[in-house]
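Scroll down for the structure; my scribbles are underneath it.
The sequence lines fix the lettering, A, B, ..., with proteins before strands; numbering per chain opens at 1.
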Protein chains: 2
Amino acid sequence: MPKQTFFNLPEKKRQTLLNAAEKEFSRVPLYEASVANIIKESGIPRGSFYQYFDDKEDLYYYLLNRYTVKMKELLLQSLQKQDGDLLGAFGDFFAKVIYQQTNERNVKFLKNAFLHVAQKMELSFSRIFLDKSHPRFEDILDYVDSSRLNIRDEKDLHHIIQIITAVIFRNFVEKYANNLTNEEAAARFHKDLQLLKDGLYKEK
Amino acid sequence: MPKQTFFNLPEKKRQTLLNAAEKEFSRVPLYEASVANIIKESGIPRGSFYQYFDDKEDLYYYLLNRYTVKMKELLLQSLQKQDGDLLGAFGDFFAKVIYQQTNERNVKFLKNAFLHVAQKMELSFSRIFLDKSHPRFEDILDYVDSSRLNIRDEKDLHHIIQIITAVIFRNFVEKYANNLTNEEAAARFHKDLQLLKDGLYKEK
DNA sequence: CATTGTAAGTGACACGGTGTCATAAGTCAA
DNA sequence: TTGACTTATGACACCGTGTCACTTACAATG
């Protein structure tokens, strides 16, 4: 978190700084962004910057957090609008976020946030399952028994693979982030698979 | 991709370099890793390193790709073992990966790979929905109509939220990575929600 | 209003990492 | 032996980070 000193700053100076930061983080992802650019843009001396923030990341996650707070607000609205229907609310929420981002800078900021994270790593990971150019194996989809799946065409199958990839990925993250035992991690993932299989909603 | 020069190297030298690289990338995530350490460890001159690789990332993704190739092999085995049962295969696969990683260096390499990516960003994102300390709002779960959901207890609800978070996150990534139109992105996400709702499997 | 103590501001600088480039060394065929 | 090409090498220019000794601002106090 930014230091108290930062919050004591006159409104205008603080805004100038945040503005310059948002500009820089919209230009490039976190690890390519530089404090040098932010202070040049905002005219803040280098020493002052480090008076306010521990480092680049400190400022970045402060900004990101402001975005997520707004998102939470949107999700809540969606939930109320949809009378507590969870998936309906998420659908509404997703649309709201993407349609509402008309400010180019916001779009780029979010783009960098989502991409930096995922582009290289998760995409490389999901390529395991979908990329036909991956060496040594025929397309893995040939081995899937589609007859048991709730799908109409190949496109649906891709959706299913995407969903499972996202979920298994998150399970790996959780296991490693929280140092779960193998048993605990396997149990959690099994539960997720069960829910995916049967559906998140009760049968009508 | 590494240059041909790298593959022309004598086996031993190449192994020494890859070994040093894996050690460094196991020690810290990609953006904290340094070429300096890798060449010090392997005794390769700096100039040579840049003869073989464009940069740090070039080498990193080459290593990561070797991991994913192994994973693809494992997934294929699981699929065959489970007679094409998709979710069964993924369950088997997940267990195989986590139980099989007994080499401490491998574990750390994967840990850094999964975490670097996700820890900060996606966790910050999922906190929107789960973190009670997030400002300004009562716990969002209070607004969810649980009666429609296929759950027995609060733990199940958390699983459901985790699943949806993973899927919506991936949808944001796809939208921004591939510059999907809002309509296309919304349609894809809607399809995912439909699948989640009804379940990935046909009813028995 | 001078004094003094505390908080904030500042920029030069030491440090460390990156990628390049001029030069040296190796290889091989004529 | 020579020439043409490929590979090896490490010194170096460049750039960004975070710190620190010093300055300035400001508020409380006698």
Side-chain angles (χ1 to χ4, degrees), chain A residues 1-64 108-109 112-113 116 120, chain B residues 1-64 109 112-113 116 119-120:
Chain A
M1 271 300 274
K3 317 262 175 61
Q4 186 54 44
T5 320
F6 173 68
F7 297 107
N8 295 342
L9 245 38
E11 178 66 15
K12 181 149 184 215
K13 195 170 179 185
R14 205 171 66 240
Q15 279 311 321
T16 307
L17 211 171
L18 289 178
N19 210 41
E22 201 170 334
K23 185 171 171 189
E24 176 68 358
F25 292 129
S26 302
R27 189 180 66 82
V28 285
L30 172 57
Y31 288 101
E32 287 170 50
S34 85
V35 173
N37 280 335
I38 296 171
I39 62 179
K40 196 172 10 160
E41 172 82 19
S42 59
I44 301 278
R46 187 164 197 82
S48 298
F49 181 93
Y50 286 97
Q51 200 86 20
Y52 308 145
F53 311 101
D54 289 334
D55 49 28
K56 206 177 29 173
E57 305 209 355
D58 192 21
L59 169 53
Y60 180 76
Y61 289 110
Y62 172 67
L63 277 178
L64 186 60
K108 286 192 178 160
F109 185 91
N112 283 331
H116 150 59
K120 306 276 181 139
Chain B
M1 270 300 274
K3 318 263 175 60
Q4 186 55 44
T5 319
F6 173 68
F7 296 107
N8 294 342
L9 245 38
E11 178 66 15
K12 181 151 183 212
K13 195 171 178 185
R14 206 171 66 241
Q15 280 311 321
T16 307
L17 211 170
L18 288 179
N19 210 42
E22 201 170 332
K23 185 171 171 188
E24 176 68 359
F25 292 129
S26 302
R27 189 181 66 84
V28 285
L30 172 58
Y31 288 102
E32 286 171 50
S34 87
V35 173
N37 280 335
I38 296 171
I39 62 180
K40 195 169 16 158
E41 172 81 18
S42 59
I44 301 278
R46 187 163 198 84
S48 298
F49 182 93
Y50 285 97
Q51 200 86 19
Y52 308 144
F53 310 101
D54 289 335
D55 51 28
K56 207 178 27 173
E57 305 208 353
D58 192 22
L59 168 53
Y60 181 75
Y61 289 110
Y62 172 67
L63 277 178
L64 185 61
F109 185 92
N112 282 333
H116 150 59
Q119 191 164 33
K120 306 277 181 135

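- In this structure, the nucleotide among D:dT7, C:dT18, C:dG11 sitting nearest to the side chain of A:Pro45 is C:dG11.
- Closest approach of B:Arg27 to B:Asn112, counting heavy atoms only: C-ND2, 3.9 Å.
- If you take CD of A:Gln51 and C1' of D:dT23, they are 13 Å apart, rounded to a whole angstrom.
- To the nearest angstrom, P of C:dG16 lies 18 Å from CG of A:Asp55.
- Along DNA chain D, the nucleotide nearest B:Arg46 and the nucleotide nearest B:Lys13 are compared for position; the residue whose nucleotide lies closer to the 5' end is B:Lys13.
- In this structure, B:Leu9 reaches the sugar-phosphate backbone alone: every heavy-atom distance under 4.0 Å involves primed, P, OP1 or OP2 atoms, never a base.
- At a threshold of 4.0 angstrom between heavy atoms, the contacts of B:Thr5 are confined to the sugar-phosphate backbone, with no base atom among them.
- Note: CD (A:Glu32) to P (D:dT17) measures 13 Å, nearest angstrom.
- Atoms OH (A:Tyr52) and P (C:dA7) sit 16 Å apart, rounded to a whole Å.
- Between A:Glu24 and A:Ala33, the shortest heavy-atom contact is OE2-CA, 3.4 Å.
- Closest heavy-atom contact between A:Ile44 and A:Ser48: CG2-CB, 3.7 Å.
- Of all heavy-atom pairs spanning B:Gln51 and B:Lys3, the tightest one is O-CG, 3.2 Å.
- Atom-to-atom, CG of A:Leu30 to P of D:dT17 comes out at 11 Å; the value is rounded to the nearest Å.
- Distance CG (B:Asn8) to P (D:dT6): 12 Å, rounded to an integer number of Å.
- The distance from the NZ atom of B:Lys40 to the CZ atom of B:Arg46 is 11.5 Å, given to the nearest 0.5 Å.
- Rounded to whole Å, the distance from OH on A:Tyr31 to P on D:dT17 is 13 Å.
- The CD atom of A:Glu57 sits 9 Å away from the P atom of D:dG18 (whole-angstrom rounding).
- Each of C:dG9, D:dG16, D:dT9 was ranked by its minimum atom distance to the side chain of A:Ser34; first place goes to D:dG16.
- One finds no side-chain N or O of B:Tyr50 lying less than 4.0 angstrom from the OP1 or OP2 phosphate oxygen of C:dT20.
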